[in-house]
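First the structure, in the form of structure tokens, and then the observations on it.
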Amino acid sequence: MEAQNRNLSIYNSLSGEKEVFTPIHGNFVGLYVCGPTVYSNVHLGNCRTFINFDLVYRYLMHLGYKVRYVRNITDAGHLEDDADQGEDKIAKKAKLQQLEPMEIVQQYTVDFHDTLAAFNNLPPNIEPTATGHIIEQIEMIQEIIAKGLAYEVNGSVYFDVEKYNASENYGELSGRKIEDLISGTRELDGQSEKRSPLDFALWKNAAPEHIMKWPSPWGIGFPGWHLECSAMSTKYLGEEFDIHGGGMDLKFPHHECEIAQGHAATGKKPVKYWMHANMLTLNGKKMSKSTGNNLLPGELFSGNNDLLEKAFDPMVVRFFIMQAHYRSTLDFTSEALTAAEKGFKRLMEAVQSLSKLKTSASTSTPITPLINSFYEAMNDDFNAPILVAKLFDAVKLINAINDGKASITQEDLTILSKEINAFVFDILGLKTINDNDDSSLSKVMELVIDMRQTARENKDWTTSDKIRDFLAEAGIQIKDSKEGTNWTKI
RNA sequence: GGUCCUGUGGCCGAGUGGCUAGGCAGAGGUCUGCAAAACCUUGUACGGCGGUUCGAAUCCGUUCGGGACCUCCA
């Protein structure tokens, strides 16, 4: 990609401002995104975040960066809450269902991969698991203890937030002040071990009935909530890397703790650019596993949910997500998705007609400003909705050329076609929907359309309309045009 | 209670101190045997009240509403 297109700005949550993106190591970019906790099916809200970062990954690659994209799988479970004495979620579910913990992990990891593949997300380069990096996590804890910023109590190790804050700034990412945090803390059971309620566990002593546990210098236990991301990002991307992403709800305490841990262990600030994707809302509230206010991708693809008027293709959902900026909340409604579906189809039909356009000796509308506008949109903090708007400008142009109301040279068409295809398929990650992939149905439809055509030529409107109406009842829409008759499933 | 975000036309959703966002729906048109589809045209909206300014929906104050985080959560 040409250098002039490479002036990407990213909104850095750490500074609260858009900053020009400059990788730490020349052409290489390290990208870490917090992955899912695999104790239940991913819901659509989770997917939004991963789709947004898929866009980031894709655009960075389009700009010619060599990206290493790391996204973890949290399979060690997180604490249910402070009151349940450290039982982790995966272990709890395992007991309920009489399954091995890793069986649960496997089931939902597969679901996660299948779902993201349906959304046409590219897999990350490395997808490390928390359980596979216990040793790295123990080593990091030892580093932090050696620096005097963590302490052991009864086989558990806690990070000393106040001590860290004496020389560093705990709260720099989330904008919190430690005094406010202390005053706002509620006194909960099971926190008596901690020197301060703000301290968080790096290692947790495991009760005998706890299923997932590992030996450590402090006894049998399991790693703390936030440590895995620090250990794995350090291992695969280094002590300092470029971009760390995740959902807005992870900003505090998860990412704040990551900064503190990483900084404590290595003496360096781990992340140059923090990116936070906003929530997908349903009924005006964030989707959430714990409150049940969510929608599963499978329900969306099948239409099997009362909130949905019909089923939606994963690509329609992806397009819907691309029509909102990643830092804004996006409200999910069946109506909004239906609107997105129509727009998506219009865009894709225009893109497909690119290859059939007739070229002329001259170009009526210069294409360079249009193409530049694609880059300007994405360079401005990955503004996909602006990009989509500009692509619809291109749709208008394509249709005008198709109608003979505008013209384009072969040379310009080649360039335009290449760029539009790159932005639509490679960057936005959209795919065409194959309605007509059932070959036997296609054959039958060929015959039916041919019979209807014959009837129409004989002005036998009764027969032709009967065919049309019957097909409509069967969910197949007939589309007549000058070039002939097409059909589509409704 | 603390910290922060947000309120845009029927719906979703960008953006900006003065210059059309875009999509969908609606309206009109072209096409068509009639329709549908497709395509073209079309909408001066920015929560209320003050203030700053030549000019604000965009900045400031205030007020009302919505939301996020402060406990696991993308």
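Sequence lines set the chain letters: A, B, ... in the order given, protein chains first and strands last, and positions in each chain run from 1. Atoms considered below: every heavy atom in the structure, side chains included; atoms not considered: hydrogens, waters and symmetry mates.
Proximity of A/I386 to A/H325: side-chain heavy atoms (C-beta onward) are nowhere separated by under 4.5 Å.
Base contact: A/R468 has a heavy atom under 4.0 Å from a base atom. Residue-level contact check: A/G45 touches the bases, meaning some heavy atom is under 4.0 Å from a base atom. A/Q477 comes within 4.0 angstrom of the backbone, heavy atoms only, and of no base. Residue contacts for A/L337: at a heavy-atom cut-off of 4.0 Å it reaches no nucleic acid atom on any strand shown. The residue A/H276 sits apart from the nucleic acid: no heavy atom pair falls under 4.0 Å. Residue A/M248 is classed as having no contact, given no heavy-atom separation below 4.0 Å to the nucleic acid. Residue A/K251 is out of contact with every strand shown, counting any heavy-atom pair closer than 4.0 Å. Using a 4.0 Å heavy-atom cutoff across all strands shown, A/K285 reaches sugar-phosphate atoms only and no base atom. Across all strands shown, A/D480 has heavy atoms under 4.0 Å from base atoms, whether or not it also approaches the sugar-phosphate. Within the nucleic acid shown, A/K459 has no heavy atom closer than 4.0 Å to any nucleic acid atom.
Base pairing of B/rC39: its partner is B/rG29, meeting the Watson-Crick or G-U wobble criterion (both donor-acceptor distances under 3.5 Å). B/rU62 is paired with B/rG48 under the Watson-Crick or G-U wobble criterion, all donor-acceptor distances under 3.5 Å.
Nearest-nucleotide positions on RNA chain B place A/D465 closer to the 5' end than the other of A/G35 and A/D465.
Here A/S464 does not reach the OP1 or OP2 of B/rG33: none of its side-chain N or O atoms lies under 4.0 Å away. Taking side-chain N and O atoms only, A/R71 has no distance below 4.0 Å to OP1 or OP2 of B/rA74. Considering only side-chain N and O atoms, A/K342 lies under 4.0 angstrom from the phosphate OP1 or OP2 of B/rA25.
If you take atom C1' in B/rU58 and the same atom in B/rA45, they sit 14 Å apart, rounded to whole Å.
With hydrogens and angles disregarded, a donor-acceptor distance shorter than 3.5 Å links the side chain of A/S334 to the backbone of A/E309.
Between A/E376 atom CD and B/rA21 atom C1' the separation is 14 Å, expressed in whole Å.
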- Message: Return a single string for nucleotides 3-19 of chain B, one symbol per nucleotide in 5' to 3' order, where B is base contact, S is sugar-phosphate-only contact and - is none, cutoff 4.0 angstrom on heavy atoms.
- Response: S-------SSSSS----
